[in-house]
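So that the names make sense, note that chain A is the first sequence line, chain B the second, and so on, each numbered from 1. Note that the structure is predicted; figures quoted are calculated from it, not measured.
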Number of protein chains: 2
Amino acid sequence: MLSLHQLRCFLATFEHGSLTGAADALGYAQPSVSEQIRALEKAVGAQLFRRVGRGVVPTTVADELRPHAERTLGAADEALRAVRAAARLETGTIRFGMFGTARLYAGADLVADVLERHPGVRVELVGQNSTEVFDELRRGRLEAAMIAVPSVSSDAMTVTPVARDELVYVSADPEHVSSPVTAHRLAQASLVMAEATWAAEDSTRIVLRRMLQETGRNPRSRIEVEDVETAVELVGRGLADSVIPRGVVDQLLPRLAPGAGWTSLRPRQYDTLAIVHRANATLSPAARLMIELATQRIVALTERY
Amino acid sequence: MLSLHQLRCFLATFEHGSLTGAADALGYAQPSVSEQIRALEKAVGAQLFRRVGRGVVPTTVADELRPHAERTLGAADEALRAVRAAARLETGTIRFGMFGTARLYAGADLVADVLERHPGVRVELVGQNSTEVFDELRRGRLEAAMIAVPSVSSDAMTVTPVARDELVYVSADPEHVSSPVTAHRLAQASLVMAEATWAAEDSTRIVLRRMLQETGRNPRSRIEVEDVETAVELVGRGLADSVIPRGVVDQLLPRLAPGAGWTSLRPRQYDTLAIVHRANATLSPAARLMIELATQRIVALTERY
DNA sequence: GGCTGCCCAAGGTCTGACCTAGGAGTGTGA
DNA sequence: TCACACTCCTAGGTCAGACCTTGGGCAGCC
């Protein structure tokens with residue numbers, strides 16, 4: 001069986017024209033190199049050197065092999081170099097999970113933070129929705145993520161809360177936000193909710209459903225849209241009200257719904273922002289980096305309230 | 001230390017998403033593959049797979065490694081393929097030594113013979129002069145050769161005579177070739193001799209010198225030229241006479257010296273055409289091929305006389 | 001909750017990669 | 001021409017590691 005070690009010995013021997021010289025250069029005893037060459041000759045099925053009194057002389061078959069040996073060793077070196085660079089976060093890809101709305105107020109800054117410290121890397125922020133991200137984590141396709149969880153609990157996952165974000169009621173009608181919104185009023189509201197695809201599992205809705213269960217009603221939305229931006233824009237046009245995280249309010253309301261206002265729910269409701277990864281997993285440097293930077297960003301944004 | 005074996009296991013695991021699957025595909029037990037992956041991870045200094053309940057999932061570092069691993073294994077395969085093809089005489093170079101005049105009457109045909117049987121190979125017929133070729137052989141740069149030797153004898157070389165070629169006297173003056181030329185007449189002749197560079201060691205001259213030693217004279221040439229063609233042409237113009245192998249007479253006289261004639265020496269003198277290679281050397285298929293074909297050609301040409 | 005499938009860990013065998021020591025051949029210099 | 005220097009090979013011994021089998025733990029599925 002062919003091996004890189006044999007090729008290394010072959011090249012050294014070829015260049016020195018001598019097994020002893022090659023052995024010295026490689027730091028081995030001469031018989032060791034001799035053995036490798038013999039093994040290589042057996043592997044390729046042809047004599048590579050003529051043993052001629054003083055030293056050895058490559059055959060034409062050796063001439064043929066040499067460029068291929070160099071290419072092979074070069075490719076192996078390159079592989080090692082590339083992987084080490086990736087492991088040191090000099091190149092390669094950093095993949096991190098993040099749910100849709102969190103990405104709205106921390107995503108771009110987080111990516112900027114990473115790129116500043118590690119200019120060579122690619123960054124992938126994956127996941128539109130918390131539960132989707134959660135699933136990727138369970139399957140191991142994702143190492144760690146920042147997600148919004150209504151209740152902090154899991155068995156196979158380690159969930160580390162880093163901040164909480166209040167869910168607030170937004171509306172273009174000043175009367176709707178003149179005082180905190182109770183469960184009763186919420187049940188009657190005409191709402192637009194984002195993340196249509198994942199409606200049933202969306203974290204915000206789970207919170208709302210739990211709130212409304214006390215009144216014996218089911219939460220109903222009048223409009224379903226895919227992204228929060230659209231939802232906020234619809235609120236701005238006065239077509240519906242919505243419930244969104246407080247952080248998103250600061251980020252989107254001035255731009256997309258300048259006339260709208262907001263108020264708390266009563267009782268106040270919160271999404272918990274947490275770092276999640278598989279239990280018993282040792283985290284890679286890349287994951288640790290992302291967790292640290294994401295936490296800093298989220299905490300800085302949410303502790304102002 | 002990185003090894004091809006590790007890369008093979010890595011790729012199989014990557015593709016199957018499972019150590020067991022990779023082990024089955026490679027024909028190993030699962031713990032063996034597991035061990036290789038662990039060794040590879042240690043070698044590159046990064047985790048390549050997350051062990052996640054059912055199966056394993058490649059990390060982004062593994063994504064980075066994969067194309068390099070494929071390139072490396074591909075290059076190794078290519079190396080093996082190229083060398084095996086060269087060893088089977090499908091590609092690569094065949095190098096064979098041949099002295100100047102022999103090449104004149106067998107060279108082109110010999111090359112044609114080789115190319116007909118092995119269309120993919122390159123052919124190198126090296127050596128202008130017998131002694132030069134002999135030296136290349138001693139140094140191992142050449143595996144085997146057909147050379148002209150005045151006397152068949154050597155210590156470190158195996159010399160196998162395959163034919164002999166008579167040395168004949170050629171002249172444009174019919175009177176000079178009307179009867180066999182004795183040593184006495186030869187000593188007085190005005191001669192043109194080829195292979196000026198190697199004058200002292202040229203095989204033909206050694207024969208002549210030995211012949212003339214009996215008369216107590218030294219051979220003297222009036223003209224020295226590099227190649228036999230020029231010598232024959234000068235003979236054709238009547239500027240000098242010469243002594244050349246009989247085979248060359250048939251080949252060159254009609255074309256380069258149409259008016260010239262030839263006669264034997266008295267006593268007759270011969271160059272021995274022999275296959276030479278280092279003693280105790282096992283010959284490669286390429287060398288055996290060249291020896292066989294060259295012998296056939298030379299024998300076919302010389303046995304007519 | 002049992003079953004299956006997958007991984008790791010432990011322990012044993014055997015190949016092969018390495019060493020040292022000694023013998024044979026060749027080229028060089030006295 | 002002889003001895004020395006240099007190269008290669010062979011022989012025999014050590015040790016790492018590549019492979020195996022067996023058994024245990026954990027996740028996902030019926």
Exercise. With a cut-off of 6.0 Å (strictly less than), are more than 12 heavy atoms of other residues, nucleotides or ligands near CZ of B:Arg288?
Worked result: yes

Exercise. With distance as the sole criterion, do the side chain of B:Gln30 and the base of C:dC6 form a donor-acceptor contact below 3.5 Å?
Worked result: no

Distance test, side-chain N/O of [X] to OP1/OP2 of [N], below 4.0 Å:
| X | N | value |
| --- | --- | --- |
| A:Arg51 | D:dC9 | yes |
| A:Ser34 | D:dC9 | yes |
| B:His5 | D:dC19 | yes |

For this session: Measure the distance from CG on A:Leu19 to P on C:dG25 and round it to the nearest whole Å.
Result: 18 Å

Exercise. Over how many whole Å does the gap from B:Arg139 atom CZ to C:dT28 atom C1' extend?
Worked result: 13 Å

Problem set entry | Closest-nucleotide ordering on DNA chain D, the 5'-leading residue of A:Arg138 and B:Pro31 | B:Pro31

Exercise. For B:Leu40 and B:Gln36, what are the C-alpha separation, side-chain angles and deciding distance, and is it a side-chain contact (heavy atoms from CB on, under 4.5 Å)?
Worked result: CA-CA 6 Å; B:Leu40 180 59; B:Gln36 292 304 311; over 6 Å; no

Seminar exercise, completed: Residue pair B:Thr20/B:Arg278 against DNA chain C: nearer the 5' end by closest nucleotide is B:Thr20

Problem set entry | Candidate nucleotides C:dC18, C:dC6, D:dC19, ranked by approach to the side chain of B:Ser18 - the nearest | C:dC6

Exercise. From C:dC7, D:dC8, D:dT10, pick the nucleotide closest to the side chain of A:Val56?
Worked result: D:dC8

